[in-house]
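Values in this document were obtained by computation on a predicted structure and should not be read as measured data.
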Amino acid sequence: MNVIKIEGISDSYPEPIEGTFEWFYCKESNNSSCDLYEAEEIVKSKEMYSGTVCHLIHYPEGRVYSPFKQKENVYIERPVWDKGAFYFLEVDFSKQKIQIYSYFPHSQRLEIIKELPLEIVKDCYNLMLKVSPLMLTRTGNDGVYEIVWPENKRIEIGDTESLLFREGNDLYFSGWWEDPEYHENIIIRDIDTGEVNENYPGYLCKMPNGVYWRIQ
């Protein structure tokens, strides 16, 4: 048995990154299993949030890349991969800022590509990056899907819909139902009107080469 010891992370479990078979990630925080919204609630309650960092692990040799240092009241969300680069969402609750970074692991180059005031969003519930193209999005519990950046769009969606990806002016959502048995549908909506252009049973699964498999 060949066992490779991974240096640079503690007890976090590596998870695959969608769209690539070469990279895994793990997040570390003193507040275990805390997501972005929960970190926001900690800060709003006048307590200190310990901060989150995110590590990248390259397969097969297991080398660890750590673009960020842990900082109080700063949350780093899991990365998204698009066209040879990683993108990270950072929320700094002390500075009340949202920052979006690009990171190129082979040159270890980390760059801020956009900075936004935190007040631009109602709260951080389901605030995340999506690709491709790169978008900052948010899904609240109010039946509205919001694209926050690089443009601002708000469209009404079903209670169980979640965005898969965007292609041109089409937004591909996955929705699920139990009537009485569980099943999923692919719902394609117009980005400007929110109207449904297509709705068909099945689901889409993204492969490491960026191709989606349609299962029906």
Side-chain angles (χ1 to χ4, degrees), residues 1-43 47-95 97-115 124-132 134-137 162-165 203-213 215:
M1 177 183 294
N2 185 16
V3 177
I4 297 176
K5 184 178 181 181
I6 305 299
E7 303 284 353
I9 60 175
S10 56
D11 59 351
S12 300
Y13 191 85
E15 298 184 52
I17 298 173
E18 189 177 74
T20 173
F21 61 85
E22 291 186 60
W23 293 95
F24 292 74
Y25 80 94
C26 62
K27 293 195 297 184
E28 292 187 332
S29 171
N30 296 345
N31 304 81
S32 61
S33 303
C34 183
D35 64 19
L36 176 55
Y37 180 72
E38 291 169 331
E40 181 182 39
E41 290 298 294
I42 291 173
V43 176
E47 297 182 28
M48 187 273 294
Y49 175 64
S50 65
T52 303
V53 290
C54 191
H55 306 285
L56 300 170
I57 307 168
H58 188 254
Y59 172 84
E61 81 283 359
R63 181 179 176 182
V64 175
Y65 297 76
S66 302
F68 301 93
K69 294 182 179 180
Q70 187 172 0
K71 298 179 182 178
E72 293 180 358
N73 291 336
V74 175
Y75 192 98
I76 309 292
E77 188 54 277
R78 62 179 179 83
V80 295
W81 169 264
D82 190 40
K83 299 174 183 176
F86 290 104
Y87 296 92
F88 288 90
L89 169 63
E90 177 190 273
V91 178
D92 189 324
F93 295 106
S94 296
K95 295 180 179 179
K97 290 182 179 180
I98 298 170
Q99 293 180 316
I100 300 172
Y101 290 87
S102 62
Y103 180 68
F104 300 87
H106 297 298
S107 62
Q108 300 186 45
R109 189 170 83 250
L110 182 68
E111 299 176 352
I112 294 179
I113 61 174
K114 188 64 181 180
E115 184 174 281
C124 291
Y125 186 79
N126 281 339
L127 184 69
M128 63 182 69
L129 295 176
K130 287 286 188 176
V131 292
S132 173
L134 182 67
M135 303 182 297
L136 178 62
T137 69
S162 58
L163 183 71
L164 297 172
F165 60 91
Y203 58 93
L204 298 174
C205 182
K206 190 175 184 179
M207 296 295 103
N209 62 355
V211 173
Y212 282 85
W213 285 359
I215 312 298

Checklist entry - Listed by chain and number, what are the ring pair (Phe, Tyr, Trp, His ring centres under 6.0 Å) partners of Tyr37, not counting sequence neighbours? => result Tyr125
Next on the checklist: The test is side-chain contact (heavy atoms from CB on, under 4.5 Å); show your working for Phe93 and Ile42 and say whether it passes.
Outcome noted: CA-CA 10 Å; Phe93 295 106; Ile42 291 173; over 6 Å; no
Next on the checklist: Rounded to the nearest 0.5 Å, what separates atom OG in Ser50 from atom CD in Gln70?
Outcome noted: 5.0 Å
Next on the checklist: Could you report the tightest heavy-atom contact between Ile76 and Lys27, atom names first, then the distance?
Outcome noted: O-CD, 3.6 Å
Item to check | Euclidean distance, Asp35 CG relative to Thr52 OG1, rounded to 0.5 Å | outcome: 9.5 Å
Next on the checklist: Once rounded to the nearest 0.5 Å, what's the spacing between atom CD1 of Ile215 and atom CG of Leu204?
Outcome noted: 8.5 Å
Item to check | Value rounded to 0.5 Å, distance of CZ in Phe165 from CE in Met135 | outcome: 10.5 Å
Per-pair distances, 0.1 Å, donor-acceptor, side chain in residues 101-109, under 3.5 Å, sequence neighbours excluded:
unit_1, atom_1, unit_2, atom_2, d
Tyr101, OH, Gln99, OE1, 3.0
Ser107, OG, Phe104, O, 3.4
Arg109, NE, Glu111, OE2, 2.7

Next on the checklist: Just checking Lys130: does its NZ atom have more than 12 heavy atoms from other residues, nucleotides or ligands closer to it than 6.0 angstrom?
Outcome noted: yes
Checklist outcome for this item: Correct closest heavy-atom pair for Leu110 and Pro67 would be CD2-O, 3.5 Å
Checklist entry - Do other residues, nucleotides or ligands put more than 12 heavy atoms under 6.0 Å from the OH atom of Tyr203? => result no
Checklist outcome for this item: In this structure, CE of Met207 is separated from CD of Glu18 (nearest 0.5 Å) by 9.0 Å
Could you give the side-chain donor-acceptor pairs of residues 78-91 under 3.5 Å, partners two or more places apart or in another chain?
unit_1, atom_1, unit_2, atom_2, d
Asp82, OD1, Ser132, OG, 3.4
Asp82, OD2, Ser132, OG, 3.3

Checklist entry - Can you check whether Glu72 reaches Tyr49 side chain to side chain, under 4.5 Å on heavy atoms? => result no
Checklist entry - If you take all heavy atoms of Val53 and Lys69, which pair is closest and at what distance? => result CG1-C, 3.4 Å
Item to check | Enclosure of Tyr59 OH (heavy-atom neighbours >12, cutoff 6.0 Å) | outcome: no
Item to check | Within 6.0 angstrom of Lys95 NZ, more than 12 heavy atoms from elsewhere | outcome: no
Checklist entry - NZ of Lys114 to CG of Leu134: how many Å apart, nearest 0.5 Å? => result 12.0 Å
Checklist entry - Is a side-chain N or O of Tyr75 found less than 3.5 angstrom from the main chain of Cys34, in a donor-acceptor match? => result yes
Item to check | side-chain contact (heavy atoms from CB on, under 4.5 Å) between Glu77 and Leu129, intermediate numbers included | outcome: CA-CA 9 Å; Glu77 188 54 277; Leu129 295 176; over 6 Å; no
